[in-house]
2 protein chains.
Amino acid sequence: MSVAIENFVKAIYNNDIQDHHDTKPGNIAKKLGISNAAATDMAKKLASKNLLQYEKYQALQLTEEGTKMALNVVRKHRLWEALLFKMFDMSLHEIHREAELLEHETSDFLANKISEYLGNPKFDPHGDPIPNADGEITTEDTSIALSQSAEGKAYIISRLMSDDKEFFDFCAQNGLKYGNTITIAKQFHKNKMTQISINNNTILLNEDFTNIIYVNEI
Amino acid sequence: MSVAIENFVKAIYNNDIQDHHDTKPGNIAKKLGISNAAATDMAKKLASKNLLQYEKYQALQLTEEGTKMALNVVRKHRLWEALLFKMFDMSLHEIHREAELLEHETSDFLANKISEYLGNPKFDPHGDPIPNADGEITTEDTSIALSQSAEGKAYIISRLMSDDKEFFDFCAQNGLKYGNTITIAKQFHKNKMTQISINNNTILLNEDFTNIIYVNEI
DNA sequence: ATTAAAATTTAAGTCTGCTTAAAAAAACAT
DNA sequence: ATGTTTTTTTAAGCAGACTTAAATTTTAAT
């Protein structure tokens, strides 16, 4: 299927499931930067391909097949984000921009390789769930803010919720990366400080940081 | 520029520089799997864009601008091959297949990140040179077969010249990967065997292997 | 040098994914 | 509830990247 089609079903999926916006052609058109007429055209075409249900003036609804396609593209997008984020010094904004292109040119084979390499992660660096190869999603997010972590326990970093370049630079310099393991050396509740241990280094973080760094128990 | 255009200039570049075949539309058409008519059309179009010189019934010649575009695509292709080969257990055939798609959706920014991550390699896993960001190529290949290596010296693996799945599996299991460092423990010239040291492990290789594993002096 | 074969170019047409403009329907405000 | 605004749909058309078929030119053989 073409890039245009993949982006169309993905836009419906995101608008519907994630953003809870309505999925009439106009909304999808706005999201994709195309005219309403083009969106209506495409909707009819995809209906004939059994990817969605189309009725005049009604919201578009993905069929099971259409949802599967959307999840496949979303999977690739989020796997790329996870991989690029882990390997390179790139911001959430940058990894998103690149993943938006790469997602359409990635075979299922390569997607599985990436997933395997990353240890089949269930969430991407934004904290969004990564569908597995069968399109199944883990909906409940079990990660917690670092400020809620327990002394002595080990965690895997699951989110760095920011778009601030300086924050990312700091994290990169100190090994605070998606997928890395850290241990909570000490929680100073009164001071709202957290002492963590990573790669035999000790870092003392204040609440500004521990509230936007999310982790999962191992 | 479109994927079709990128592939067209790349095909001319490869046909010309690499394969030393003639670059008339028919040859390019054959390489790209399109009709001769389509290739002629495209040639005229690209001439008007100053990417190549077109004269009826003559071979196509890339302009400086066209060559630059071709080198940019080739760079991305070979960087992807190097990255995928290093990270995942994939054959030369598989990395080529994936790179063929990814090369067109890779920003210069990302290409530079990949290059940097790999230590700005000058050759890909096939042994083909990787153009730098300015389109400059290292033409002389300084790599030698492992069978020609000198006892006691350290080398970086630069090529694994095979398409055999079993060979690749063996290499993967023993850390024999593009970019990895090995030391020559002993050369048994009579026996045509080479003992190498890698990651504190010792491996004894026969000529079948040392003739298709290429290395560079550090 | 003439002719047959092969390659290239021209011409006409298709399919995809858009566009703008106008018509029709739905949503909204008073 | 009615008229106005917004949205959706229809219609017509365009650019990119192809196709096949026919015409032209080049290449190669004798």
Side-chain angles (χ1 to χ4, degrees), chain A residues 1-16 19-62 65-66 69-70 73 100-101 103-105, chain B residues 1-16 19-62 65-66 69-70 73 100-101 103-105:
Chain A
M1 292 292 163
S2 70
V3 172
I5 292 177
E6 287 188 352
N7 275 331
F8 202 86
V9 295
K10 192 183 75 165
I12 297 173
Y13 178 84
N14 282 331
N15 229 34
D16 187 15
D19 306 341
H20 300 292
H21 291 138
D22 102 53
T23 57
K24 284 183 186 160
N27 269 326
I28 307 304
K30 203 175 289 169
K31 205 160 188 176
L32 294 175
I34 61 177
S35 69
N36 284 8
T40 300
D41 265 15
M42 183 62 95
K44 283 184 191 169
K45 186 165 125 188
L46 298 197
S48 81
K49 284 184 195 285
N50 259 308
L51 292 169
L52 52 80
Q53 284 181 283
Y54 172 67
E55 280 189 82
K56 275 191 184 181
Y57 305 108
Q58 303 301 307
L60 307 175
Q61 285 200 293
L62 292 178
E65 203 183 331
M69 180 184 289
V73 178
E100 204 69 18
L101 298 174
E103 64 187 10
H104 304 294
E105 304 302 332
Chain B
M1 292 292 162
S2 68
V3 172
I5 292 177
E6 287 188 352
N7 276 330
F8 201 86
V9 295
K10 193 184 74 165
I12 297 174
Y13 177 83
N14 282 332
N15 230 35
D16 187 14
D19 306 340
H20 300 291
H21 292 139
D22 104 51
T23 57
K24 285 183 185 162
N27 269 326
I28 307 304
K30 205 174 290 171
K31 204 160 187 173
L32 295 174
I34 62 178
S35 69
N36 283 9
T40 301
D41 265 14
M42 183 62 97
K44 283 184 191 169
K45 186 166 125 190
L46 298 196
S48 81
K49 284 185 195 287
N50 257 308
L51 293 169
L52 53 80
Q53 286 181 283
Y54 171 69
E55 281 189 84
K56 273 190 186 182
Y57 305 107
Q58 302 302 305
L60 307 175
Q61 284 200 294
L62 291 177
E65 203 183 329
M69 179 184 289
V73 179
E100 204 69 17
L101 298 174
E103 64 186 10
H104 305 293
E105 304 303 333

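Quick note on labels: first sequence line is chain A, next is B, and so on, each numbered from 1.
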Taken to the nearest whole Å, CD/A:Glu55 to P/C:dA26 is 12 Å

For B:Pro25 and B:Thr40, the nearest pair of non-hydrogen atoms, with its separation, is CB-OG1, 4.0 Å

To the nearest angstrom, the CG-C1' distance between A:Leu60 and D:dT8 comes to 11 Å

Of the listed D:dA11, D:dT25, C:dA26, the closest approach to the A:Ala37 side chain comes from D:dA11

Heavy-atom closest pair (B:Leu62 atom, B:Ala70 atom, distance to 0.1 Å) is CD1-CB, 4.2 Å

When you check the phosphate oxygens OP1 and OP2 of D:dT10, does a side-chain N or O of A:Lys56 lie under 4.0 Å from one of them? yes

To the nearest angstrom, the CG-C1' distance between B:Asp41 and D:dT19 comes to 11 Å

Quick note, B:Tyr57 side chain, CB onward, closest among D:dT8, C:dT10, C:dT8 is C:dT8

Which of C:dC18, D:dT8, D:dT10 is nearest the side chain of A:Lys24? It is D:dT8

Note to self: Under 4.0 Å, heavy atoms only, any strand: does A:Tyr54 hit a base, just the sugar-phosphate, or nothing?
What the structure shows: sugar-phosphate

- Item | Heavy-atom side-chain contact between A:Met42 and A:Ile5 under 4.5 Å | yes

Original post:
Touch check for A:Ala38, heavy atoms < 4.0 angstrom, all strands: base, sugar-phosphate only, or nothing?
Top reply: base

Separation of D:dT10 atom C1' from A:Met42 atom CE, nearest Å, is 18 Å

Which of C:dT9, D:dC18, D:dT8 is nearest the side chain of B:Pro25? It is C:dT9

Atom NZ of A:Lys44 and atom C1' of D:dT9 are separated, to the nearest Å, by 6 Å

Between CG of B:Asn7 and P of D:dG16 the distance, given in whole Å, is 17 Å

Fill in: Main-chain N/O of B:Leu60 paired to B:Thr23 side chain as donor or acceptor, under 3.5 Å
yes

Among the nucleotides C:dA21, C:dT10, D:dC18, whichever has the atom closest to the side chain of B:Ile34 is D:dC18

TODO: Would you tell me if any nitrogen or oxygen in the side chain of B:Asn36 comes within less than 4.0 Å of OP1 or OP2 on C:dT8?
DONE: yes

Separation of D:dT6 atom C1' from A:Asp22 atom CG, nearest Å, is 13 Å

Per nearest nucleotide of DNA chain D, the residue lying toward the 5' end, B:Lys49 or B:Ser35, is B:Lys49

Taken to the nearest whole Å, CD/A:Gln58 to P/C:dA27 is 8 Å

Q: Determine whether A:His104 and B:Glu105 make a side-chain contact, defined as any pair of heavy atoms from C-beta on separated by less than 4.5 Å.
A: no

